[in-house]
Amino acid sequence: ANTEHDWLYQTARSGMTKFELPIQTNGLYEFTLHFAELEHLAAGQRIFDVQIEDSLVLNDFDIYAESASFSALAKKAKVKINDNQLDIVFLSKTGEPCIAGIEVASTTPDLPSWIGRTDDQQLTPTCFQLDQNYPNPFNMETRIAFQLPVAAKVTLEVYNLLGQKQQTLVNQEMTTGFHSINWDGRDLNGAAVTSGFYLYKIQITPKDGQMTSFQQVRKMLLLK
């Protein structure tokens, strides 16, 4: 709701702490931060601060409290850049910070501008990360996203709470960038699993020992 550009708000990055973007020319820039609450259905479940360079532009920010769920929300700020690099820092208060898009526009003619969805590979990840699945809870299908700052061997598996493997979603070499895969709620035999909590586990082994191996487990809820 509240936008003619649905594509920009249909997905979001979550759980991040910082974005960095090279800026060719220093100066005063206007930033538009695009948000949509795609997970929570009440206020107070996701609260965070946003700092651009050394300026606090959003304090105790609660997307749902301002626009409810599945509704576009844009916040603007003007910040001066002096070091040829844009730094946007996210500080969690409750839950995980999230953002759907970042728009940068110069306030001086002929200076560069930039806009991008934050789940595009226009932004290069700076760390390994496994996101919370979306939607969650879900009914038979959900999307799991993760990010790789370097090429790596990736294994992504689903387990029940007894530790029994239900499905292998990824088991291959993957390139640098943002990735996602859907799980259709079926086990290794192709049968639909029952309602309940499930765990999804990622194991990342960077190629050529470029970084330390990474492992993370998250919980998701299937409701039929």
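Just so you know, these numbers come straight off a predicted model, no measurement behind them.
The side-chain contact (heavy atoms from CB on, under 4.5 Å) check on N182 picks up E141, R143, with sequence neighbours excluded. For Q216, there are no side chain to side chain donor-acceptor pair (under 3.5 Å) partners at least two apart in sequence or on another chain. K224 is linked by a side-chain contact (heavy atoms from CB on, under 4.5 Å) to N139, M140, A192, S195, L222, counting only residues two or more places apart in sequence or in another chain.
Each ring pair (Phe, Tyr, Trp, His ring centres under 6.0 Å) pair with one or both residues in residues 141-162, not counting sequence neighbours, appears once here: F146-H179. Counting only residues at least two apart or on different chains, the side-chain hydrogen bond (donor to acceptor under 3.5 Å, both in side chains) pairs with a member in residues 42-51 are E37-R46, E39-R46, H40-Q45, D49-K93.
Other residues sharing a hydrophobic cluster with V89 under the 4.5 Å side-chain heavy-atom criterion for ILVMFWY residues are L91.
Separation of atoms CZ (F31) and NZ (K78) is listed at 11.5 Å; rounding is to 0.5 Å.
Between H34 and Y9, the ring planes lie perpendicular to each other; the angle is over 60°, past the 30° to 60° tilted range. Between W7 and H5, the ring-plane angle classifies as perpendicular under the 30° and 60° cut-offs.
Checked against the 6.0 Å centroid threshold, Y198 and W183 count as a close aromatic pair.
Note on R218 versus D131: no salt bridge recorded, every NZ/NE/NH1/NH2 to OD/OE distance being 4.0 Å or above.
For the residue pair N160 and Q164, a side-chain donor N or O sits within less than 3.5 Å of a side-chain acceptor on the partner.
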